[in-house]
Structure formats: C-alpha cells, structure tokens
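In what follows, every chain begins at residue 1, and chains take the letters A, B, ... in the order their sequences are listed.
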Amino acid sequence: MRVSCAFKTVSSRPRAPELLRQRRALCPAFLYEGPTTMSRYTASDIEPKWQEAWDKANVFTAERDENKEKYYVLEMFPYPSGRIHMGHVRNYTMGDVIARYKMSCGFSVLHPMGWDAFGMPAENAAMAVGGHPKDWTYNNIADMRAQMKPLGLSIDWSREFATCDPEYYGQQQAMFIDFMAKDLVYRKNAIVNWDPVDMTVLANEQVEGGRGWRSGALVERRELTQWFFKISEFSDELLSALDGLENWPAKVRLMQENWIGKSRGLQFSFERTDGGDPIEVYTTRPDTLNGASFVGISPDHPISKKLEADNPELAAFNIEARKGGTTEEAIETAPKLGFDTGIKAKHPLTGAELPVWIANFILMDYGTGAIFACPAHDQRDLDFCRKYDLPVIDTFFALDNETPVANEAFVPAKSEKVKWVDHFAGLDVATGQDAIDATIDFAESAGWGTGVTKYRLRDWGLSRQRYWGCPIPIVHCDDCGVVPEKKENLPVRLPDDVSFDKPGNPLDRHPTWRDCACPSCGKPAKRETDTMDTFVDSSWYFARFTAPRADTPTNMADADYWMNVDQYIGGIEHAILHLLYSRFFARAMHIAGHLPQKAVEPFNALFTQGMVTHEIYENAERRTEHDRPIYHYPAEVETRDGKVVVKKTGELVKVTPSAKMSKSKNNVVDPVSIIQAFGADTARWFVLSDSPPERDVEWTAAGAEASSKHLNRVWNLCDKIAAMDPNATGQGDDELMRETHKAIHDVTVGIESFGFNAAIAKLYGFTNIINKSKAGAAAQKQAIMTLAQLMSPMTPHLAEDIWAHQGGEGLVINAPWPVADESMLVEDTITMPIQINGKRRSEIAVPADMSKEEVEKVALANEAVQKALDGNAPKKLIVVPGRIVNVVI
RNA sequence: GCGAGCGUGGUGGAAUCGGUAGACACGCCAGACUUAAAAUCUGUUGUCCGUAUGGACGUGGGGGUUCAAGUCCCCCCGCUCGCACCA
C-alpha cells in the first residue's frame, strides 16, 4: 500500500489558535512562529492519519501463525483511575518500542491491553461523591482508553478486557473451584485491621498512624475466618526456581528470596516450672541459648489467650498490645511493650528459671509465636531487657575485644569468627554459622531439639470484606457446610442494586443476593459475602490475554502458542507481591489444567522501569489555614530574575527537585496536554531519552521542547534530502554508509538491551552526521530512510511520514528491520590513551590488530613517556590490547 | 525497625569486563541571519590556576584494595521502593 505523506506548505496551514495558546501556556519561551522551510512538522496532522493507516492494514492484530516465531510483550495493566499519567506513557512506550521492533524483525507479536478494574478507589468514590462503582469504573476505562489511543501504541485492542467484566471474573471463580478441588484453598482465622467506630475492616492504607482514616479511631487487630491460597506449600519451589529467571533483575530475585525467607533453625520446648503446657520455640540462633534472659510469647499465643481469661491486668495489656495496624512495619516500629506473666520456664541445659513475658513485637504468624531472647546479640531484645531490667549475658566476643555489651548489641556477620564464652557444645573460636550447625547437631543428638527449615512466606489471604471485587463462589449451608457453587451457575454476579451510605460490605446486607439455595442439597443457604483480593485478578490476566473470549479460563492451544510472556515491563513496586503471586498462580493453573507445564514461570524476562518525577513547587510565603503546605502546579509558576515565583501573585516558591509525580503534591504533568501541544511522538521520544529506563526520569518542560525541536530537525532534514536532485553526487558516500551501519548496530543493541536512552543518543548523533554529510543524493536518501526505520519504534508516526515522503515501499512498520554489515563496523586504526602512573598523559594511534609488543615499543617511544622516564626504565608497563597503556615510573 | 536499590558538571544523564570521567541533550555565552526579536544555523562550555603550552582538583562524605576505582570492599550521610487488605 501507499499512503501520501503529510508535508504541507505553510501558507495553506493556519494554525488553530487554541493549539498555539496551549503551547504557550506550557512553554512560554518556545514560540512556534515563522516558517523556516517549505513545510512544517505538524504532529496533529500526521499522527491520526498514520493511526488510521495502521488500523486499516490491521497490523497490530495478533494472530496465531505456526510458521512464525511468536513474541509476547506485556506491560503491567493499569488501574482505571480515569487519567493516564506520564508513568503510563513511559511504561507503554517502552513496551511499544519492543513490540514494534520485534514486529519489524518478523515475529508474530502479541501486545495486549486491559484494566485492573476491581479495587477500593471505586468504592471510595461511591462513598465520597455517590454513584455506582461499576459506572465509575467503566467510565474511567472509556476515558483512559481515549487518552491512550493518541499515543499510537501497537496494541491489539481486540483482546481488551477489564477484570470486573463478569466474563473475566466468572472464569476466575471457576478456577477458584478447580483450585479447591486440588486442595490449594482453605479457610482459617486471620488478623485484620478493625475500626471500632465505623465497625468495618480497614486496608493497611486506610490506617494512618494507627488510626482509621475516616473515624480517627484507634485501630485494633481482630480475628476473622478467611480464605487462603496455599502458596506456602510452594515455598521451596518458588525459591529454587528463581535461579532459572536469568532475565529478571537480580534485585527482584534477591527481594523475592528474602521475602520467601528460608531459614534453618532449632525447634525445642521450654518446660514450665508450674507444670503447664511446654512452650515450643523456634530460633535461628540456637548457638546463643546460653545468653537467654527471658522467654517471649506473642500476645496472640495460646498461653497468652488462656491467661487473659482470669487476669484482667494481662487482658488489658493484650488489648493495648493489639492496638495499631497489622503491618510488619507498624509492629516493628511500635514502642516495645512487655508483660511478665509470672510463669517460669526451665532452661533446657542449665535448668535456670527464665521468666515468660508477653511482648508486642513477637508475631504469632512466624515460627511458633514464641522465642527466647538473647539481648547481648539482638538489638531489639537488648532494648527490651534494658527497659524491663532483665539480665544481659554475653555468649561470644569479638576476637580482639571482650568488652561486655552495654546498650549496643554485638551482632557480627554469621560468617565472622568470634570467641565463645564457655559454650555448651564445646565451641571456642568459630563463626556464627558453624556454631548454629554445631548447636543443632548437639541438640539433636542430646534429644532436646530438632533442626527445622522454615519459611517466612505465609499463605495468601484472599478474603476481602468489600463489594467491588470478584465474589468468592462459595455457599454456606447449615447441613452441607462450605459448598462451592456449581460451575453452570457461574459467574456469581455482583448485584447492581447496592448502596454505600453505610460502612461495611454491601453484600453482607443484601438479602436477596446473599440468600440462595445450597448447590448440594438445595436447602436455603447463604452466599459467601467476601470478595477476592485484587491481586487474584492480576495473577492470571497475562494468561487470559492469550484467549480473552474463551469460555474456559484459558484455551490450551492458544496458551501453548503464546505463553510465556517474553518481555514483561512494570514498576519495581511490584517486585514482590504481584510477581510472586503470579508465579504461584501459574503453578496452580498448571495443576488445575489451565496452563501448560512450560508456563509455570510465566515471565521469561522482566524489566522494572523507574518513575517519572517532577519538581515540587511549594509556596514559601503562605500555608493553608490548617497550616498545611500549599503546592502549585507546574503551569502556575514561572522564573523571574532567577527566582521561581507564582505567576499570579508573585509569591516566592520553594522548589524541591525530582519527586514522584503525585496528585497531593500537584507536581503532575498531564500527558493529554503534552500530546495536544507537541504530539505523541515528542512525548514518546522524551520519556525514552536521557534517563536509563530502570531509573527515574525527571519531566521538564525544557526537555519536552528539546525533543520537539529535534523531531522538527529530522523533518527538515527529510525535506532537504527529498528536494535534492536524485542524480546529484557528492563526497563521503562511503563514510556516510559506514556511519549508517554503525547507527543500525548501536540502535539495535540499544533496543535489545533496554538501553533506549543510549539508542536515542545514537540517533541524535546519526542525525547530526547526515545533516553535515556532503554525500550524494542516493547515499543521503538511504541514510534518512534507515534513520526512519531506526526511529520507527520510538516515533512511529514521524517515521512513517518520512518513509512515505522518501518513496518507501508500504508501511515502515512492515519493512524488515535493517541489518548492520559487520565488515562496515571495524576500525582500522584505534586511539589508545597512555597513562603515566595511572593518569592520562598522552595518546597513540595504532593499527587495531597491532601486537602487544609493538604497542609497548610505540608507547615507550612516545614523547610524553620519554620526558617522564627521563632516561630511566619504567617500573612496570601495562598494555591492555585495544584499551589502554599504563607506564608506572 | 527489616529487606532492596540509587547518589556523576549549572541541568537530565553517558561510561559492555576495574582501563581516556562527562557521550548525547538542555541551559549559558559568543557569532551568523534579521530593522529588531523569536525561530533556525555555527562555535565555546566540569571546576580552579595560567595569556598560552600546561597543571591541579573532580563521580554524596570518610577510609581501603589495585599499575589503574564512578565501577570492587568497609563505615557514614541523603533519597526512593517494598513490608503480606493500595494498585
């Protein structure tokens, strides 16, 4: 096909005043007046045109083609907040570069988009401004889709779905039932944040400083019966399989490893002097048992709960200890509180009596909910002992320092050798790790303890006491107990007639929805009113994209062709939970017959991109009446005489650099206005340039201008070359050809290695080279057409236009990716720097293949070296071939 | 508190493996074009000393390993992400 290009003469193109106004508002210094060439780059003309051309040619529809190699590129799908932000633009542009590049390389590409559409914001909006979460969500989706489309992303929109579509969550319910049949789901009690005033369960983010965000009441920890996935049964598998994820960032694998937290320790019991049930403890530092000064139990430990009944003082303590949020952070940072139960435990070796304390920092969820404290070698235990005046006993010292511990615990690395004090297992000088192993052996052979491997990873609690989520397809029957809904009755749809005027879960107070017939015996029964954690929704959407309309969760033939995701791209904030849950889900889906074996690790390669940041403008002269800071939008401030001030009032502004774009700080830049002012290609080019993709990028108006100016230069260059006499000859054709191949090589390597910023730097350089080249028309035309191809993943609209303008065949997206001729890349002579004592002092030009001995001779003959040597022989001469020479004097 | 990461000119940032620190871009300054400005084009630009040839310093701070450190090791400071019910 052939599409006419969008070059137009200036006189025929009066610019829309509105567009001009927007540009000026964004960048007052950058005015777009005055023609400089016969034509002008007008993104608002060319971008819709090429998007239409791609649609007509159906180029982004993913099709199973057994003759082609497939490539599945996926960016983490967005939550439909209603507005796209620059972070989305950056994320989806990166994925688009990969997708378009792979298309040009001849792959059958799957690049889908959907919506992570369940969750609390929809309910919060319903409570705050009325309306229904469903309407709010679907309206937001429509808005965001409309904002995304102008970006020109190579997305197969025919596969789009939202997780709140009954067609999606119905399949999720079917899988829940399948998982139940495979014994991957169960119920148990778990602790939630309870707001005693609103009488409702709070999410962690709804707890601010230990208080409910609406009521302001002190939050309590309360137990509820909840549904769990047995992810902990996969602990070892999820841990060991990390080794195979070679194309994941090492930091993500390390974070997951630490999260799973495999540890080997000793489990043993403290007998009680009062003859009560022994206290089972687990410790990863059994070697420090001699330093035990008390036994600690969780406030939720069975012994603690038993004592509560007839000890009002202790019960009051436990109530106090259970206040505050449920997050590990809240528990760890809360002031350390203890209560002496009066119970004494017998030290298994010395027989000494140790007091049993309840301590608010001991988690019932980890280990056995009971510990022994060794204050000399654990800062938290030490702080506790100093506070309650408990003894501190050193069990080992540094080899060169035997000062007893005062107020700083001595915690050397486990690999460091220390000197032991009178150790029961006969240790003298040994590392902590050797001591741990020796102690476990000692305890096992003496018969008072067992070496145990434990994992920090807990089972995944998926129950949420909220409306806007996937209903758990379960019915509670007085006779049959917990019964899964029949599959033919799926989806269990959310009822539409609900209200949010009262706190709590509307499903709970919806009798006609809640009351139902038992799927097993048919008697009246009640539905489960909890819905699923939204992490469930996002744990398998990547699999659903392979067959989004299938009437089963997946279609095996499609899953087999498209899985795995070859490149997954998203934020580092998902490094642990989302990715770990997805890895578990893929395994569970395989067990339940919904994914092939090869898909148990669903993401072959992972890339975590950085945030888009912007300066924050805080009013330096004024605060709100509640003494809160006032933040100004970027468009509200300007620089006057080197000072940043508010445009309207002239008030001084305090500028904080590089903060995450956040609505509460007003430092947001709206992609829609950027696209309207500069065009999608400029926005795309900017978010890819400068910063390496894994790092944060600072949005600046100047940067966006610079991108826009460069695209204008490329356009003008195209125009200039198109206007050349096709038969014109010149100088330097070979040199331009060589540079073209270097550009092909560098840009290809840049894209392949996620060095988009490096690829763009190369494209800048290549553009400058073409601009200065005096080569003939044919060579220049070839150079600019190659430039268009190399730019097309980043700035696809401009690339198509240049391609068409130069008479390229068909669409540039369908043109095969150029291949660099290796022979054009090698240099004959290289420049080697010469260092004298490690400092660069001179350089030599030598043939690339010169031997080390020859290089040494040339280097020693160098004037600067001769001068420095002053007739003496060098102490040492280091030649790194092709790199550097260092003369040591 | 615990786990992970990051820190380089006036600014964004570059620097496969430990081998020329500052690629590319912004900004600034100078010049060309213009009645003028903008736009565009050309050139300079890490800091300090020096007319210059040149030299000293320089990758958050301090110490170390090495012929050679932005890169590796130790300590410290600052910022960011995660901590299981935010998505």
Scan the side chains in residues 199-208 of chain A for donor-acceptor partners under 3.5 Å anywhere in the protein, sequence neighbours excluded, and list what turns up.
| from | atom 1 | to | atom 2 | distance (Å) |
| --- | --- | --- | --- | --- |
| A:Asn204 | OD1 | A:Asn193 | ND2 | 2.8 |
| A:Asn204 | OD1 | A:Thr326 | OG1 | 3.1 |
| A:Gln206 | OE1 | A:Ala203 | N | 2.7 |

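- Atom pair A:Ile576:CD1 and B:C2:P shows a separation of 16 Å (rounding to whole Å applied).
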List, with names and distances, any nitrogen or oxygen atoms from the protein found under 3.5 Å away from nitrogen or oxygen atoms belonging to nucleotides 67-76 of chain B.
| from | atom 1 | to | atom 2 | distance (Å) |
| --- | --- | --- | --- | --- |
| B:C67 | O2' | A:Asn886 | ND2 | 3.2 |
| B:C67 | O2 | A:Asn886 | ND2 | 2.6 |

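- Contacts between residues 247-260 of chain A and RNA chain B, defined by a heavy-atom separation under 4.0 Å, are made by A:Lys251, A:Leu254, A:Met255, A:Asn258, A:Trp259.
- Place A:Glu332 and A:Phe535 on RNA chain B by their nearest nucleotides, and A:Glu332 ends up nearer the 5' end.
- Residue side chain A:Glu328 does not reach the base of B:C83 through any donor-acceptor N/O pair under 3.5 Å, judged by distance alone.
- With sequence neighbours excluded, no residue forms a salt bridge (charged side-chain N to carboxylate O under 4.0 Å, His left out) with A:Lys454.
- Under the salt bridge (charged side-chain N to carboxylate O under 4.0 Å, His left out) criterion, A:Asp300 pairs with A:Arg322, sequence neighbours left out.
- Taking the centre of each ring, A:Phe754 and A:Phe756 come in below the 6.0 Å mark.
- Under the rule for a side chain to side chain contact (heavy atoms under 4.5 Å, CB included), the partners of A:Leu382 that lie at least two apart in sequence or sit in another chain are A:Pro375, A:Gln379, A:Arg386, A:Val392, A:Val405, A:Ala409.
- Across all strands shown, B:A56 forms a Watson-Crick or G-U wobble pair, both distances under 3.5 Å, with B:U47.
- Shown here are the salt bridge (charged side-chain N to carboxylate O under 4.0 Å, His left out) partners of A:Glu123, two or more places apart in sequence or in another chain: there are none.
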Give me the distances for all protein-to-nucleotides 22-28 of chain B N/O pairs that come in under 3.5 Å?
| from | atom 1 | to | atom 2 | distance (Å) |
| --- | --- | --- | --- | --- |
| B:A25 | OP1 | A:Asn768 | ND2 | 2.9 |

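- For A:His745, there are no ring pair (Phe, Tyr, Trp, His ring centres under 6.0 Å) partners two or more places apart in sequence or in a different chain.
- Within 4.0 Å (heavy atoms only), A:Gln465 reaches at least one base atom of the nucleic acid.
- By the ring pair (Phe, Tyr, Trp, His ring centres under 6.0 Å) test, A:Phe234 pairs with A:Phe584, sequence neighbours left out.
- When the side chain to side chain donor-acceptor pair (under 3.5 Å) test is applied to A:Trp468, the partners found at least two apart in sequence or on another chain are A:Thr137.
- Partners of A:Arg214 under the salt bridge (charged side-chain N to carboxylate O under 4.0 Å, His left out) rule, at least two apart in sequence or in another chain, do not exist in this structure.
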